[in-house]
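Everything on this sheet refers to the single structure shown next.
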Amino acid sequence: MSGPNASNIVSSNAGYSGTALWKLKQQGAIQNFNKIVEEQEEQKHQAALDEENSESLRVLVDAVSLGRAEGVGEKPMVRHLIVKDLRKVAARSKQPLPTGGLFENRAPCMLFALFDGQSCAEQPGPYAAEWCAKQVIPKLLRNLSALPPGYENATFIKATLTKTFEDLDKEILRGQPAIHDGCGAAIALIVGERLFSAVCGKCTAIICEAGGPPQRIRYVPIALGSNQGNVSMPDEQKFLTENGGVVFQAEGGEFRVSSPSGAVAAVSRSLGDRAWKGADGGVPGSIKLIRGSPETRVTELSWAERHQFLVLGSAPVGDTVTPEDAINIGTEFKDKPRAASGEITCKAAEALQNNGAQCTAVVVCFVPKDDKVAQPPAAKKARKEAESVRVRHILVKHRDCGQPFDPVRNRPVVRSREEAEAVLRETLRELTQEAKSIKLPADASKAKLAALQPTPKYVSLCKEISECTTAQKGGGMMGDLGWLSADQLARFGPAFAEIAKSLGVGQWSDLASSEHGIHVLQRIA
């Protein structure tokens, strides 16, 4: 066996213990080693910040879209985006976010967006909305990464959103000659505890603000894009008439604008719609009547205290669901974005004027800050991985689930997913109403024991509608799925597992989807 040589020594740490310090410095080994250690420490520090920030500022978010048939060759008119960690997307895209100002200490960054091809100048179409949904993230990241040091403040981030809309509009008009339709948009960018909103056209963005004494809290809707997009507004009419348009009141009382060519539009702002953008649109003889600039706002969020949740909606939702109705639905299904967005879109889809329209709502609930964030991230992660939960549930199947058959009643299931969710929203409404009337013992251990016993309303509903064989169990075991480990939860799917683990003992869940169907869960241990 050969003895050690120079290459052996250099490739191991053995040389560091026997080589003179002055020689290591001369070779640059210490400098390089220190640099590696510093980089590793910085990575650990950033990871710890990300973990702490993700736990301290959390959201629950979901979206539901109803109305336009899919799977029959039709493209959706509405596209939405949910990005709960924009930093990860930026890292993968090699577009680093700023590090100073509002982005300091790796502040959490989230993006929620909706593009609606029904909020357009003339005939609704899917192409502008589809293209904008694909392009908004790279364009926004590029504009944010271009912010110079010292300019990472609210004024310039808001300006960045405006520029992103301008970039989208210009590129559709100049670089996408095949796209002739247009779309409206509603975007919510969260940086730390500030919400930057931008709304163009007839899409809607509403934030729920709580006020008043604790005994009589009032929930007030704040519309974030109500000063643009509608031809009836004086400022919009002024721009339209000064640029050659004719504003008139159509049958039914809604305002319209007519171009010199005789074309008529019901919106004053949109992305795309080249026939209404003058020379930029490339349509001979057209004049610029419709703008692509959004209404932008900055809201300093009091996370889950004054500000409860945010709703983004497509044009048919904004036309038929009042801001007050949207807020009432959101507060009824508090911290349950799937149920809330489903109820909002269902209400919109039921309106006669929305027959055949695509009704889409995105609901973002702000989760109260958790005091546990001060605990070490590694230990907290280990606890999460080891944790098991015990839940009871009510299951309603639909025709697209893994096994569309009801084993309790021995019959096939033909209802749609939307119908299954509607059944469980009503179930959830009844269960939460009952929960408000139940007074749990003040002692925590006694309260946990009380949660083990199913309530009369739950027993009645579980027997009546649940399509799981656990509904046939007797007494306190009715609907009980037993103790579920992390691996067992994972088999139900990530959405089910995330919802189950987030529940407190006795708490009812949002609608949870799995291959078995749609569930409502209650954690009992």
Practice item. Just say parallel, tilted or perpendicular for the rings of Phe496 and Phe492, cut-offs at 30° and 60°. Key: parallel

Check your understanding: Roughly how far, to the nearest 0.5 Å, is the CG atom of Leu271 from the CZ atom of Phe115?
Key -> 7.0 Å

Can you establish whether the number of heavy atoms outside [X] located under 6.0 Å from its atom [atom1] is more than 12?
{"X": "Asn355", "atom1": "CG", "answer": "no"}
{"X": "Gln403", "atom1": "CD", "answer": "no"}
{"X": "Tyr127", "atom1": "OH", "answer": "no"}
{"X": "Glu300", "atom1": "CD", "answer": "no"}
{"X": "Lys88", "atom1": "NZ", "answer": "no"}
{"X": "Arg216", "atom1": "CZ", "answer": "no"}

Check your understanding: Is it true that Lys84 and Glu498 make a salt bridge, defined as a side-chain N closer than 4.0 Å to a carboxylate O?
Key -> yes

Exercise for review: Indicate yes or no: does Glu343 engage Lys347 in a salt bridge with an N to O separation below 4.0 Å.
Suggested key: no

Practice item. With sequence neighbours left out, write down each residue that passes side chain to side chain contact (heavy atoms under 4.5 Å, CB included) with Ala357, or none if nothing qualifies. Key: Gln118, Pro316, Asn354

Review point. Partners of Ala495 by side chain to side chain contact (heavy atoms under 4.5 Å, CB included), sequence neighbours excluded?
Key: none

Point to revise | Non-hydrogen side-chain atoms of Lys139 and Thr164 separated by less than 4.5 Å | key: yes

Check your understanding: Does Lys397 reach the side chain of Pro404, with side-chain heavy atoms less than 4.5 Å apart?
Key -> no

Check your understanding: Is the cationic atom of Arg425 (NZ for Lys, CZ for Arg) positioned less than 6.0 Å from the six-membered ring centroid of Phe333 and within 45 degrees of its normal?
Key -> no

Point to revise | Donor-acceptor pair between Lys334 and Gln308 side chains, under 3.5 angstrom | key: yes

Exercise for review: Sort out for me which residue in Cys132, Pro124, Cys203 forms a side-chain contact (heavy atoms from CB on, under 4.5 Å) with Asp116.
Suggested key: Cys203

